[in-house]
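Read the structure below first, then the notes.
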Amino acid sequence: MGESLYVISNPVDAAEIARHSQEFSLEPLAKDLLLKLGISKPATDRLFLTNGSPHATDTIIDIYRQHISPGKVLDQFVELDVIPRLTAIISPVELGLGPGETTTVSLHRLCMKALVNGIVSSYFGDIVLQIQPDFAACYLDWEETNWKFLLGLPKFLSKDMWTAQNNMMLLFTTYFSLPPDQRGHSNLWVSSVEGVLRDRDLTNDEISRIFMLHTSSIVGNMYKVCFWLVTHLLGDRELLRSITLEIQPAIDLQTHAVDHVYLTEYCPLLDSLYSEVLRLVVTSPMTRVITSTSTVSGKTLQKGSKVLVLYRQLHLDRSTWGSSPETLQPERFLHDKTLKTKVAYRPWGGGKHVCPGRFLVKKAVFAFVALLLGQYDIEPVEGQVFPHADLKKPTSGVAAIANGKNFMVSLRRKIE
């Protein structure tokens, strides 16, 4: 299409790219994305105006880092907002189960409802589910069609995508038209970012579009990580038993309290499985624009071209992961604790733009798993084909689910 594209699949070269964010920039791609989203050119220019200080898009990410980096603010958010909502969504009361009773549910639907509706309402308050009662379903429609948005397909070829985007936007345009004191909920990141955008004179519609984009990034991978992690547990009964025992001290079935600190610091097998699942299901590449002619491994990369770092190939690098890198080994990271620091392990990206949401994702996923395994005996319904990843479909993070949206599991409420 008239452009040069350099493809990087060597871990050492990928690390070199990540270290030089000035020469390999995300900014041109971010500007293009905002324009595609419907942000006006003048507003986009204002968002990237520096005047000697960080531009607004960097400021927004910095605020997000402050909100969900390890520490008191993240702990309070998880304890006061995230865990109570996850608890309510997958509680026996919500599922209509008495002690010892059993129900059958779609694992995909359960993960989506908890990790999309639960997280969105944690940020914006319970009013969001009054505005859009099943936001998770709207998000799924958007997720399944937004590749057309990313590729810039014309409207006559992407009517389903535009419908999905409009349904998503309903939540945000309604929400940001309300005065803050009528929203019934306050979140530091939401209020701070809204303030930044209003200071740049963005319209309510533009503010809503930017929050839609950020919210998609926040919730888009959590539910899929949960789905893949639980799926792998169901495929290995001994692993399921071991992790169920490991997480027991972290959940109080009487009070429904979940000790997220215990889960992330004292559950090494769960942590190893989580790291291994991420290695196998994170499929999106990293794309950057080359802002100055550079040399990587003796090869000249010309200014103005794009570079594509293939994380999927890094995660299958045989020199790092052995002769069968495509095989899930739950204890891989337990036996070798240095693997997380290898240049061939990039589930969260790298360099300046490493994903700031990684700490929240881990706590939310571990809390979901603890609530699920702590309250229920779970097993797949017989006669089903286990889900597998759709590695052909472009994604913005974790691999899409090829055949698992109707993967049914049996939940039996434990007798306390």
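Along the sequence shown, residues are numbered consecutively beginning with 1.
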Query raised in the report: Is the closest side-chain donor-acceptor distance between Thr145 and Asp160 under 3.5 Å?
Result: no
Query - Electrostatic pair Glu206:Arg200 at N-O distance under 4.0 angstrom - result: no
Requested in this report: Run the numbers on Tyr345 and Leu339 for side chain to side chain contact (heavy atoms under 4.5 Å, CB included), then give the verdict.
Outcome: CA-CA 7 Å; Tyr345 189 60; Leu339 288 174; over 6 Å; no
Report task. Taking Thr341 for its side chain and Thr338 for its backbone only, find out whether a donor-acceptor pair lies under 3.5 Å. Result -> yes
Requested in this report: Could you tell me whether Asp81 and Arg85 have a side-chain N and a carboxylate O separated by less than 4.0 Å?
Outcome: yes
Report task. Please assess Val190 against Phe211 for the test side chain to side chain contact (heavy atoms under 4.5 Å, CB included), listing each intermediate value before the final yes or no. Result -> CA-CA 9 Å; Val190 174; Phe211 270 98; 4.2 Å; yes
Query raised in the report: Checking ring pair (Phe, Tyr, Trp, His ring centres under 6.0 Å) for the pair Tyr123/His214: CA distance, chi angles, key distance, verdict?
Result: CA-CA 12 Å; Tyr123 273 101; His214 280 282; over 10 Å; no
Requested in this report: Please test Ile218 against Tyr64 for side chain to side chain contact (heavy atoms under 4.5 Å, CB included), starting from the C-alpha separation and ending with a verdict.
Outcome: CA-CA 11 Å; Ile218 291 169; Tyr64 194 51; 3.4 Å; yes
Query raised in the report: Taking the six-membered ring for Trp, are Phe176 and Phe172 parallel (under 30°), tilted (30 to 60°) or perpendicular (over 60°)?
Result: parallel
Query raised in the report: Using the ring of each side chain (for Trp, its six-membered ring), is Phe407 parallel, tilted or perpendicular to Phe386, with breaks at 30° and 60°?
Result: tilted
**Report entry** Leu37 backbone acceptor or donor facing Arg209 side chain under 3.5 Å
**Finding:** yes
**Report entry** Point-to-point distance, once rounded to the nearest 0.5 Å, from CG of Asn221 to CZ of Phe227
**Finding:** 14.5 Å
Query raised in the report: Taking the six-membered ring of Tyr6, is NZ or CZ of Lys299 closer than 6.0 Å to its centre and within 45° of its axis?
Result: no
Query raised in the report: For residues Ser106 and His108, is any side-chain donor paired with an opposing acceptor at under 3.5 Å?
Result: no
Requested in this report: Please name all residues satisfying ring-ring contact (aromatic ring centres under 6.0 Å, His included) with Phe359, sequence neighbours left out, ordered by chain then number.
Outcome: none
Query raised in the report: Does a side-chain N-to-carboxylate-O contact under 4.0 Å join Lys72 and Asp75?
Result: no
Query raised in the report: Knowing that exactly one of Leu115, Val361, Ile119 qualifies, which makes a side chain to side chain contact (heavy atoms under 4.5 Å, CB included) with Val219?
Result: Ile119
**Report entry** Working for side chain to side chain contact (heavy atoms under 4.5 Å, CB included), residues Arg288 and Leu26
**Finding:** CA-CA 5 Å; Arg288 296 291 185 266; Leu26 180 63; 3.4 Å; yes
Report summary line: Between the CG atom in Leu270 and the OG atom in Ser275, the distance rounded to the nearest 0.5 Å is 9.0 Å
Query raised in the report: Is the closest basic N to carboxylate O distance between Lys337 and Asp271 below 4.0 Å?
Result: no
**Report entry** N/O donor-acceptor pair under 3.5 Å between Ser208 side chain and Asn204 backbone
**Finding:** yes
Query raised in the report: Is there side-chain contact between Arg183 and Phe124, with heavy atoms separated by less than 4.5 Å?
Result: no
Requested in this report: Return the orientation label for the Trp348 and Tyr274 ring planes: parallel under 30°, perpendicular over 60°, tilted otherwise.
Outcome: tilted
Query raised in the report: Any side-chain heavy-atom pair from Ile251 and Leu263 closer than 4.5 angstrom?
Result: no
Report task. Give the ring-plane orientation class for His315 versus Tyr311, where under 30° counts as parallel, over 60° as perpendicular and anything between as tilted. Result -> parallel
